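Bear in mind the structure is a predicted one, so any value in this text is a computation, not a measurement. To find a chain, count down the sequence lines: A is the first, B the second, and so on, and within it residues start at 1. Computed over heavy atoms, backbone and side chain alike; hydrogens, waters and symmetry mates excluded.
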2 protein chains.
Amino acid sequence: MIDPRRLRVLRALADHGTVTAAARALHLTPSAVSQQLAALESEVGHELLRRRGRRVSLTAAGELLVRHANAVAAELERAQATLAAFTSGTTGRVEVGSFASAITQVVAPALAALRVSAPDVTLRVRDVEGHASVPLLLDGEIDLAITEEYRLRTDDRRLTRFPLYTEPFDVVLPPEHPLAGRAEVDLADLADDDWVVTLPGNPVRDVVQLACEHAGFAPRITHTSDDFRAIGALVRAGAGVALVPRNAVRGVPVRGTAPLRRVVAAVRRGSEDHPLIELVRDALLDAVGQ
Amino acid sequence: MIDPRRLRVLRALADHGTVTAAARALHLTPSAVSQQLAALESEVGHELLRRRGRRVSLTAAGELLVRHANAVAAELERAQATLAAFTSGTTGRVEVGSFASAITQVVAPALAALRVSAPDVTLRVRDVEGHASVPLLLDGEIDLAITEEYRLRTDDRRLTRFPLYTEPFDVVLPPEHPLAGRAEVDLADLADDDWVVTLPGNPVRDVVQLACEHAGFAPRITHTSDDFRAIGALVRAGAGVALVPRNAVRGVPVRGTAPLRRVVAAVRRGSEDHPLIELVRDALLDAVGQ
DNA sequence: CCGCAGCCGGCGGGGGTCGATCACCCCGAC
DNA sequence: GTCGGGGTGATCGACCCCCGCCGGCTGCGG
């Protein structure tokens, strides 16, 4: 029989791609992970890992088993959720991971509301870089992740997601910029400016570049940062212009159709029925006035 | 996090009703089972067992968790099945449990056919009393059970079932019986005979009694046995008449609508896609000419 | 030459057995 | 009726063994 605890190890490997990273996520040494995977292979009688150089990748059988492992994990999560629904008094802790601006936007208000409506629920908030929250969620380090929609594949069967709010991207201009003070700005008018954008790999960068392209130009990129407050500081220092989500840095609306950032909450599949998760989700939805 | 191995113990308890019996099924001591269940309770933070006298029964939370445990088990079974489908050459062992007459009827021919069509598959057959096969199946002692339909609840989500064949009940008469030699017998003509039937609790007994009732009388029961060959011997010895499945003891057809015994094969849910199971199932269906 | 995967020796603890105890139920004796 | 005893079932404590982890090492590859 397959030892279901070993499936957990396999899942971690699939998520992190390397034995060492999986071990970190499981709070184990690489040695232990390697041994467990070897044991799993002999258990199922199949090669699950392919040694590719100094790394490993999953074989087809491995990929298959991972999908079943995900189903098992979801079922366990569901078991915990329905069981928790039996506890009459809602007590417990929920760990929420969120990027900075969403904390001020929705998490902090939700936390305040929960302090009075459900004082026995302790909400632990963790400021997490956008790209890090989903892995943390899957690792079980946090129970609910607030992230941008484009960081999730819609068909990811490991997660359940629900939308929180949508915000447009605003233009941020230096105080001395000729267009400063306008009520709206046309992107095309910024074709000759210097631009401050996020680092390559950050999806926001693609959003900005697509928007500029749509306005008929390619932005001249002079400075980069993944921290929107840093971007705001650079812009105020006259380093260039930027296009950032409204709640990150307050700017000027874009004339016409502005790109949008959709913010969603995600939980591990199966935990969506957990009463504490439902409570926090509802508080978050209340906080965005919905 | 719930340790999924402990769910296995909980399942065994639910199936067998007592810690000792669950321990037997798991090849453990009662002490070990008791400890694992206590650990599970503290893991989920709920009472799962209620001490009722010197026995235990499941609480509502326990019942709930059992259902999830069944889902997890089915998923693990499915994982094993899809992985086994990767092995090109069909090799392995399948344990089949069946009552005696079905062995001669379908299992033996299927075994003979598999010996030539799939020589690397070893089929182990086990003669099992009708009531015992399903528990053995759930315990993992056998992989496929051939049993009467009325021994299965149709909504049992732990099993997948498929029909094999249907046989009518025949009347068995002593050689010196006035109706002996007839091509058909009307049940109503046996109202004044002594009857040999199965023991109370055996569903066949209910079938016989219902049939007699339908024919307008209550059978006068003088001898009982759960072994149809023993019943046949008693009848031939002149002890009375009987109504038994045709393949168990050859008798005389009933005039009008005879009661039917539907014989089905059952496998653990999730294992229906296992290539070896499919192979055996097809061989069984071939053996009944379908 | 660093970093990662995979062995090997050694250790600790989870999880097993064993034996004893307690609780309960079904008896039959009185 | 009730009292006591035997059988059975659950649980606890003590012990212990092996599984599974760690740490250090090797080998390889980028």
In this structure, how many angstroms lie between the [atom2] atom of [N] and the [atom1] atom of [X], rounded?
X	N	atom1	atom2	result
A/R5	C/dG13	CZ	P	17 Å
B/L28	D/dA10	CG	P	14 Å
A/R50	C/dC4	CZ	C1'	18 Å
B/D3	D/dC19	CG	P	17 Å
B/M1	C/dG14	CE	C1'	19 Å
A/L48	C/dA5	CG	P	16 Å

- So, is A/T29 near the phosphate of D/dC21, with a side-chain N or O under 4.0 Å from OP1 or OP2? no
- Message: Between A/R51 and C/dG6, is there a contact of a side-chain N or O with OP1 or OP2 at under 4.0 Å?
- Response: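 Yes, within the criterion.
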- Message: For a quick check under 3.5 Å, do A/H274 and A/D143 share a side-chain donor-acceptor pair by atom type?
- Response: no
- Query: Have A/R11 and A/N70 got a donor and an acceptor in their side chains that come within less than 3.5 Å?
  - Reply: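 Per modelled atom types, A/R11 and A/N70 side chains form a pair under 3.5 Å.
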- Query: Counting only non-hydrogen atoms, which of residues 7-21 of chain B are less than 4.0 Å from DNA chain C?
  - Reply: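 Contacts with DNA chain C under 4.0 Å: none.
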- Contact residues, residues 31-41 of chain B to DNA chain C [heavy atom, < 4.0 Å]: B/S31, B/A32, B/Q35, B/Q36
With the criterion being N/O to N/O and under 3.5 Å, what pairs connect the protein with nucleotides 25-30 of chain D, and how long is each?
from   : atom 1 : to    : atom 2 : distance (Å)
D/dG29 : N2     : A/R54 : NH1    : 2.6

- Message: Assess whether a salt bridge exists between A/E272 and A/R281, defined as any Lys/Arg side-chain N lying under 4.0 Å from an Asp/Glu carboxylate O.
- Response: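 A salt bridge is absent here (no side-chain N lies under 4.0 Å from a carboxylate O).
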- Students should find that the end-to-end axis angle of the helix from C/dC1-D/dG30 to C/dC30-D/dG1, with five pairs defining each axis and rounding to 10 degrees, is 30°
- pair B/R124-B/V94: side-chain heavy atoms closer than 4.5 Å: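 Side-chain contact under 4.5 Å: no.
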- Message: Under the rule for salt bridge (Lys or Arg N to Asp or Glu O under 4.0 Å), what residues qualify as partners of B/R24, not counting sequence neighbours?
- Response: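 With neighbours one apart ignored, the set is empty.
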- Item | Set of residues satisfying salt bridge (Lys or Arg N to Asp or Glu O under 4.0 Å) with respect to B/D273, sequence neighbours excluded | none
- Task: From the options B/V244, B/I231, B/T224, B/V208, select the one residue that forms a side-chain contact (heavy atoms from CB on, under 4.5 Å) with B/V196.
- Result: B/I231
- Message: Which residue is it: A/I142, A/L144, A/V128? I am looking for the one with a side-chain contact (heavy atoms from CB on, under 4.5 Å) to A/V96.
- Response: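 So, applying the side-chain contact (heavy atoms from CB on, under 4.5 Å) to A/V96 and each of A/I142, A/L144, A/V128, only A/L144 qualifies.
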